[in-house]
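A quick write-up on the structure given underneath.
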Amino acid sequence: LPLLCGYGEAALPILEAHLKHPEHRAQLEAASGLLRIRPDTYRSRVVEIAVPHLAADGFRGNAKKALELLVRGGAGVAPVLRNLLTSRDEQVVACAAVGLSALGEKPDLTVDARRRFYRFVARRWGQDEEDCLVAALVAVDGLWDEVSPRLAASGEDGRSRAELLYAWMLAQRADGWLQR
């Protein structure tokens, strides 16, 4: 991608063609290149490509990459992220909260959004979910303080999960999950 983007405007047709590629990584990389070369022209198209990848699915790493693209889209993407806080998909809500935090905005979590987090911390995860959840617990002030007592009160499994999440949170704080 960096070599292709080095061609500037000449790379746009190739990158546009890859937006229709069947492999999600190719789509997201192409969207990244378009955003790098012409952010204002392709911001809305990047949003169209990225938002579906925030939902829980069978792929690993696509939600993080999609969220990075959205954050690179800047403040103009904040209304999209605020709207995603109302999603029924827990991973989408977590990603939206992380994205808004990365853009310097405090996410306004409704009662329904908070319930989604309560369910999210209590269920089994796969693929991107645990990374998105932990990133949200790190990014959203007070969220960990809200969900950890619920986990601790839910028995041995809840306490074990709380310990695991706390360790992951410490690791993510040290590593940084979402870079702007």
*asked:* Run Lys64 and Asp131 through side-chain contact (heavy atoms from CB on, under 4.5 Å) and show every step you take.
replied: CA-CA 8 Å; Lys64 180 179 179 181; Asp131 288 335; 6.0 Å; no
Do side-chain atoms of [X] reach the backbone of [Y] as a donor and acceptor pair under 3.5 angstrom?
| X | Y | answer |
| --- | --- | --- |
| Arg43 | Gly73 | yes |
| His21 | Ala17 | no |
| Asp89 | Ala56 | yes |
| Arg45 | Glu16 | no |
| Glu105 | Leu100 | no |

Determine the minimum heavy-atom distance between [X] and [Y], stating which atoms define it.
| X | Y | result |
| --- | --- | --- |
| Ala97 | Leu85 | N-CD2, 3.8 Å |
| Ala31 | Ile49 | CB-CG2, 4.3 Å |
| Leu54 | Ala63 | CD2-O, 3.7 Å |
| Gln91 | Ala55 | NE2-O, 3.3 Å |
| Leu84 | Ala96 | CB-CB, 3.7 Å |
| Gly76 | Pro79 | O-CD, 3.4 Å |

*asked:* When you group the ILVMFWY residues by side-chain heavy-atom contacts below 4.5 Å and let the links chain together, are Leu15 and Tyr7 in the same group?
replied: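 Result: no, two separate clusters.
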For [X], does the [atom1] atom have more than 12 heavy-atom neighbours from other residues, nucleotides or ligands under 6.0 Å away?
| X | atom1 | value |
| --- | --- | --- |
| Arg88 | CZ | no |
| Tyr118 | OH | yes |
| Asp157 | CG | no |

*With side-chain contact (heavy atoms from CB on, under 4.5 Å) as the test, would you mind laying out the steps for Arg150 and Val121 before giving the verdict?*
CA-CA 9 Å; Arg150 287 175 168 266; Val121 297; over 6 Å; no
Minimum side-chain heavy-atom gap [X]-[Y] below 4.5 Å:
| X | Y | value |
| --- | --- | --- |
| Leu69 | Leu28 | yes |
| Leu12 | Tyr42 | yes |
| Leu19 | Leu34 | yes |
| Leu151 | Leu165 | yes |

_Gln27, Glu29, Arg25 screened by side chain to side chain contact (heavy atoms under 4.5 Å, CB included) with Lys65, the one that passes_ =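 Only one of Gln27, Glu29, Arg25 forms a side chain to side chain contact (heavy atoms under 4.5 Å, CB included) with Lys65, namely Glu29.
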What is the distance from atom [atom1] of [X] to atom [atom2] of [Y], rounded to the nearest 0.5 Å?
| X | Y | atom1 | atom2 | answer |
| --- | --- | --- | --- | --- |
| Asn62 | Asp57 | CG | CG | 4.5 Å |
| Leu143 | Leu133 | CG | CG | 8.0 Å |
| Asp141 | Glu146 | CG | CD | 11.5 Å |
| His24 | Arg60 | NE2 | CZ | 11.0 Å |
| Leu4 | Arg36 | CG | CZ | 10.0 Å |
| Leu103 | Leu70 | CG | CG | 9.0 Å |

_Using side-chain contact (heavy atoms from CB on, under 4.5 Å), reason through Phe117 and Leu109 one step at a time and then give a plain yes or no._
CA-CA 10 Å; Phe117 275 110; Leu109 299 179; 3.9 Å; yes
*Is there a side-chain contact (heavy atoms from CB on, under 4.5 Å) between Ser32 and Arg72 once you walk through the steps?*
CA-CA 9 Å; Ser32 178; Arg72 279 187 36 219; 2.8 Å; yes
